[in-house]
Number of protein chains: 2
Amino acid sequence: MNIGDVADRAGLPAKTIRYYEEIGLITPARAENGYRRFSARDLHKLAFLKRARALGFSVEECRHLLALYEDQGRASADVKALAQEHLARIDAKLEELAQMRRTLAELIESCAGDHRPDCPILADLAAQEATSAKAGGR
Amino acid sequence: MNIGDVADRAGLPAKTIRYYEEIGLITPARAENGYRRFSARDLHKLAFLKRARALGFSVEECRHLLALYEDQGRASADVKALAQEHLARIDAKLEELAQMRRTLAELIESCAGDHRPDCPILADLAAQEATSAKAGGR
DNA sequence: TCTTGACCTTCCAGTTGCGGGAGGGATTAT
DNA sequence: ATAATCCCTCCCGCAACTGGAAGGTCAAGA
């Protein structure tokens, strides 16, 4: 299969597939004309990568997951640990976003949103709480 | 004030402040020796930027917010609209992350996490659902 | 046969929002 | 005088691609 075919089947842009080859996630064979020739295993790996990326794993984590996947002697504990670390990062991100959301929603609610210039959103952003670390200028 | 002072007071790295100048968010004066000289207004703007960035606004949105802030004739509706767009993006991101979290948590729970190689996480990642767009290879 | 169009190739640049570090000048403290 | 601490500019790097330029290849139609 050429790159266009695997791109369609794996649901990934050809550019992304070339990039994955460049960073060593896959190593497709080459035809005599220089075209990449993808095996079923390559396609399989690309599908794996797509799914793992969709779950938010970084490309480096994907590399690790792929290595575990191909290692018949792996321990499922290693996979689980990787997934748990990732889950923890997702939770941290969720909390951060939720905090932003709360603040932003409050501000939006307090804003009249009309033709007048008075705006609690801008007022909040401009609120200079004196939380400066160092006192005394020069 | 020199850059180190404003950095401390605004709670932003000097690098970031230079970057903000480079992209035209602030335009501090220059002393004869070439050092940036920050006014109270510059400091105020930097604090504004820090707060807006902390709420997740992109730098370009910050530019817009800053312009609205400085425009005495603004309509609060414009600010509110900007904030609402941003809120919508946060909500989208939250939902995406929550979906990832659900899937990942399920997988983690179903994985024994011991010395054996069998792993539902890897099995799921490798699951090749035949959702390919185009049929028929070459 | 020629040409068109759809493929494929490589390489380079851009994206976001900075951080690190080199290499050098200015200022302040000892 | 000299060392320490500022400050300056410039350029590279990060993640994970995406877009585009310039050109080679292949199958089909006039």
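In what follows, chains carry the letters A, B, and so on, assigned in the order in which the sequence lines appear, proteins first and then strands, with residues in each chain numbered from 1. Computation of the quantities below employed the complete heavy-atom set of this structure, encompassing side-chain atoms and omitting hydrogens, waters and symmetry-equivalent molecules.
- The nearest whole Å value for the distance from the CG atom in A:L49 to the P atom in D:dA15 is 16 Å.
- One interatomic measurement links the two molecules: CG of A:L46 to P of D:dC17, which rounds to 12 Å at whole-angstrom precision.
- Between the CZ atom of A:F57 and the P atom of D:dA16 there is a distance of 13 Å, rounded to whole Å.
- A heavy atom closer than 4.0 Å to some atom of DNA chain C occurs in no member of residues 84-93 of chain A.
- Contacts of residues 20-33 of chain B with DNA chain C (heavy atom under 4.0 Å): B:Y20, B:N33.
- The two residues A:V79 and B:C119 come nearest to each other via the heavy atoms CG1-SG, 3.5 Å.
- On a pure distance criterion of 3.5 Å, a polar donor-acceptor pair joins the side chain of A:K15 and the base of D:dG20.
- Put simply, B:R36 has a side-chain N or O that comes within less than 4.0 Å of OP1 or OP2 on D:dC8.
- Mapping A:Y35 and A:Y19 onto DNA chain D by nearest heavy atom places A:Y19 at the nucleotide closer to the 5' end.
- The shortest distance between the side-chain N/O atoms of B:T16 and the OP1/OP2 oxygens of C:dG17 is not below 4.0 Å.
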Working for salt bridge (charged side-chain N to carboxylate O under 4.0 Å, His left out), residues B:E60 and B:R63
CA-CA 5 Å; B:E60 284 316 305; B:R63 189 193 300 281; 2.9 Å; yes
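- A:E22 has no carboxylate O lying under 4.0 Å from a charged side-chain N of A:K15, or vice versa, which leaves the two without a salt bridge.
- For A:V59 and B:A14, each mapped to the nucleotide of DNA chain D holding its nearest heavy atom, the one lying further toward the 5' end belongs to B:A14.
- Salt bridge status for A:R101 with A:E106: absent, with no side-chain N to carboxylate O gap under 4.0 Å.
- Annotation for B:A83 and A:L104: closest pair O-CD2, 3.9 Å, computed over non-hydrogen atoms.
- Heavy atoms from other residues, nucleotides or ligands lying under 6.0 Å from CZ of B:R89 number more than 12.
- A:L66 is not listed as a side-chain neighbour of B:L125, based on a closest heavy-atom distance of 4.5 Å or more.
- With rounding to whole Å, B:I3 atom CD1 is found 12 Å from D:dT9 atom C1'.
- Among the heavy atoms of the strands lying under 4.0 Å from A:R18 is at least one base atom, whether or not backbone atoms are also near.
- When each of D:dT18, C:dG17, C:dC8 is scored by its nearest atom to the side-chain atoms of B:S58, the top-ranked nucleotide is C:dG17.
- Across all strands shown, B:R53 has heavy atoms under 4.0 Å from sugar-phosphate atoms exclusively, and none from any base.
- Although no hydrogens or angles enter the test, the distance criterion places a donor-acceptor pair under 3.5 Å between the side chain of A:R74 and the main chain of A:D71.
- Between A:N2 atom CG and D:dG24 atom C1' there is a gap of 14 Å when expressed in whole angstrom units.
- Between A:A77 and B:G113, the shortest heavy-atom distance links the atoms CB-O, 3.3 Å.
- Cluster membership for B:I17 and B:Y35, using ILVMFWY side-chain heavy atoms within less than 4.5 angstrom, is not shared.
- Salt-bridge annotation for A:D114 and A:R116: present, with a side-chain N of the basic residue lying under 4.0 Å from a carboxylate O of the acidic one.
- What you find for A:L46 and A:L12 is that their closest heavy atoms are O-CD1, 3.7 Å.
- A straight line from CZ of A:R37 to P of D:dT25 spans 16 Å, rounded to a whole angstrom.
- Across its full length, the helix from C:dT1-D:dA30 to C:dT30-D:dA1 shows an angle of 30° between the axes of its 5 terminal pairs at either end, rounded to 10 degrees.
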